[in-house]
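Worksheet: the structure to be examined is printed underneath.
Throughout, a chain's letter reflects where its sequence line sits, starting with A, and its residues are numbered from 1.
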Number of protein chains: 2
Amino acid sequence: MNTFECTCERCHLRTLFFNHISKNDIRSICTQKVEHRYEKGDVILCEGDPIKNFLYLKEGLVKLSRTTSDDKEQIISFAKPFDFVSLLSVFSSENYHYTVTAIEDSTTCELDLGQVKEIARENGVFTLDLMTRVSEATDRIILDNLEIKQKHLHGRVAYVLLFFAQNVYGRDDFELPISRKEIAEYIGMTTENVIRTLSEFKKDKIIRIFGKEIDIIDRERLESISLHG
Amino acid sequence: MNTFECTCERCHLRTLFFNHISKNDIRSICTQKVEHRYEKGDVILCEGDPIKNFLYLKEGLVKLSRTTSDDKEQIISFAKPFDFVSLLSVFSSENYHYTVTAIEDSTTCELDLGQVKEIARENGVFTLDLMTRVSEATDRIILDNLEIKQKHLHGRVAYVLLFFAQNVYGRDDFELPISRKEIAEYIGMTTENVIRTLSEFKKDKIIRIFGKEIDIIDRERLESISLHG
DNA sequence: CGCGGCTTTGATGTTCATCAAGTAAAGTGG
DNA sequence: CCACTTTACTTGATGAACATCAAAGCCGCG
């Protein structure tokens with residue numbers, strides 16, 4: 001009866017659902033799931049849109065952002081596969097409180113929210129797993145924002161660079177998926193000062209920069225700045 | 001069979017559980033629940049402690065705080081009854097990531113976490129309700145922190161005053177339950193500047209101050225400062 | 001009563017936003 | 001493919017916002 005199982009090779013539903021969900025449920029979810037491809041820059045979903053689907057990121061990288069009370073863009077967090085995308089408001093609101101935009105080519109998988117809730121109602125173990133995942137994701141957002149809040153400009157920029165190096169790319173040289181302006185929108189500073197700080201890091205031989213290419217040369221120093229700078 | 005039901009007059013479990021939990025489960029939870037009274041200033045639970053109980057606030061007011069990477073106190077949020085207290089890490093960690101302290105005389109109700117999880121595993125509807133509540137609480141923390149992040153000192157202080165006036169006490173004159181220093185730890189500024197800002201509000205006849213007593217005279221102006229200041 | 005923590009105000013310097021101005025890069029229509 | 005426009009990037013100069021340091025009054029508590 002394996003013909004009914006989801007065949008997506010790297011489908012995260014597998015690891016989410018563990019063994020706690022029946023073959024029947026997997027079948028009904030998988031047969032109606034919709035995959036979408038997005039290119040870098042595409043808006044995946046929009047602040048204010050009604051929440052109809054349970055959406056997760058299969059591949060790529062996205063940013064979550066919102067408009068502040070005085071109409072400026074503010075980036076809430078970045079999410080990679082395995083981090084759920086529609087976790088912030090799915091179970092607590094009718095509409096999205098944030099916009100999701102692809103910052104690298106991405107693939108999403110959409111499930112019908114009603115159907116997921118139906119399974120959740122009937123399967124507490126599945127729901128507990130889901131809750132754990134949602135909690136982990138929101139905890140991380142809260143902690144990251146608190147950490148950034150208490151740092152100065154230099155520490156914040158260092159923190160972002162280390163975030164991409166460690167959590168996203170797993171290497172010290174990488175191509176920044178976002179603009180200087182977006183870094184500023186994430187850490188709550190101006191674009192000019194983000195650039196100035198990057199230039200100083202470069203002058204101090206902590207990083208190398210070629211446009212969007214970043215190469216961390218002195219990781220120890222960068223970590224120290226991130227902690228105490 | 002009403003003798004088995006929880007008799008706490010204002011027990012939030014009732015509204016949480018709705019009709020989605022059996023009398024048996026209510027009985028077993030209620031017979032082993034433990035109520036605790038705390039006085040203003042008492043530490044209810046401590047960063048690093050293992051999470052053994054599912055804890056909620058029955059009466060009073062508490063603050064959630066943590067120690068930052070460079071050893072300063074940082075206040076994450078304030079919680080009043082009906083906001084769950086042990087919601088940040090309960091389902092995503094073995095240990096608390098934050099300290100909970102009573103800032104007014106408070107009563108908590110402790111349930112065995114294992115038992116709550118047991119019910120959750122067997123009752124998906126209950127777990128979905130729980131997830132909704134957890135999501136609402138974490139969403140609020142995230143949004144509040146994002147709002148504060150993007151404001152200047154004056155806007156942040158105004159925001160805190162309005163928070164207590166509107167969300168906690170429901171009136172424009174109230175006694176501040178926290179010190180100037182704690183306001184500073186919440187909004188990420190220094191104590192001196194919080195005091196200076198309060199003094200300016202007073203001089204501008206926006207508020208009156210007598211020690212911890214606050215009286216908002218010009219609410220409209222304060223709201224405008226909170227939004228655009 | 002005296003100690004420690006909270007509060008308050010002032011003076012000073014640092015950090016950061018804003019303004020300005022110019023260069024590079026990237027998309028757009030003919 | 002090139003002129004054109006727009007957007008991103010960069011640096012410098014200036015002033016505003018804020019932290020830090022210092023000093024003194026206040027208050028609660030042992």
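Ring planes of F174(A) and F164(A): tilted class, angle from 30 to 60°. Ring-plane geometry between H36(B) and Y38(B) is classed as tilted, the angle between the planes lying from 30 to 60 degrees on a 0 to 90 degree scale.
Neither OP1 nor OP2 of dC18(D) sits under 4.0 Å from any side-chain N or O of N193(B). The phosphate of dT7(C) has OP1 or OP2 within less than 4.0 Å of a side-chain N or O from K212(B). For the pair R196(A) and dT10(D), the criterion of a side-chain N or O lying under 4.0 Å from OP1 or OP2 is not met.
Summarising the geometry, the separation between CE on M189(B) and C1' on dA16(D) is reported as 14 Å, rounded to the nearest angstrom. In this structure, E213(A) atom CD and dA8(D) atom P are separated by 19 Å, rounded to whole Å. Atom pair E39(B):CD and dC29(D):P shows a separation of 11 Å (rounding to whole Å applied). To the nearest angstrom, P of dT9(C) lies 10 Å from CD of E200(B). Here dC16(C) presents its P atom at 8 Å from CZ of R156(A), a figure rounded to the nearest Å. Between the CD1 atom of I183(A) and the C1' atom of dA8(D) there is a distance of 12 Å, given to the nearest Å. Atom pair K151(B):NZ and dA17(D):C1' shows a separation of 17 Å (rounding to whole Å applied). One interatomic measurement links the two molecules: CD1 of I103(A) to P of dA8(D), which rounds to 15 Å at whole-angstrom precision.
Among the atoms of the strands shown, base atoms are found under 4.0 Å from some heavy atom of I195(A). Among the atoms of the strands shown, none is found under 4.0 Å from any heavy atom of K202(B).
Distances were taken from every side-chain heavy atom of S179(B) (C-beta onward) to each of dC6(C), dC9(D), dA17(C); the shortest belongs to dC6(C). Here the nucleotide nearest the side chain of S199(B), chosen from dT7(C), dT9(C), dC18(D), is dT9(C). Across dT8(C), dC9(D), dC16(C), the shortest atom-to-atom separation from the side chain of H152(A) is found for dC16(C).
T107(A) and E35(A) share no donor-acceptor pair across their side chains, judged by distance under 3.5 Å alone. T68(B) and D70(B) share a donor-acceptor pair across their side chains, judged by distance under 3.5 Å alone.
Between the side chain of D105(A) and the backbone N or O of K40(A) there is at least one donor-acceptor pair closer than 3.5 Å.
Nearest-nucleotide assignment on DNA chain D puts the 5′-proximal partner with I209(A), out of E192(B) and I209(A).
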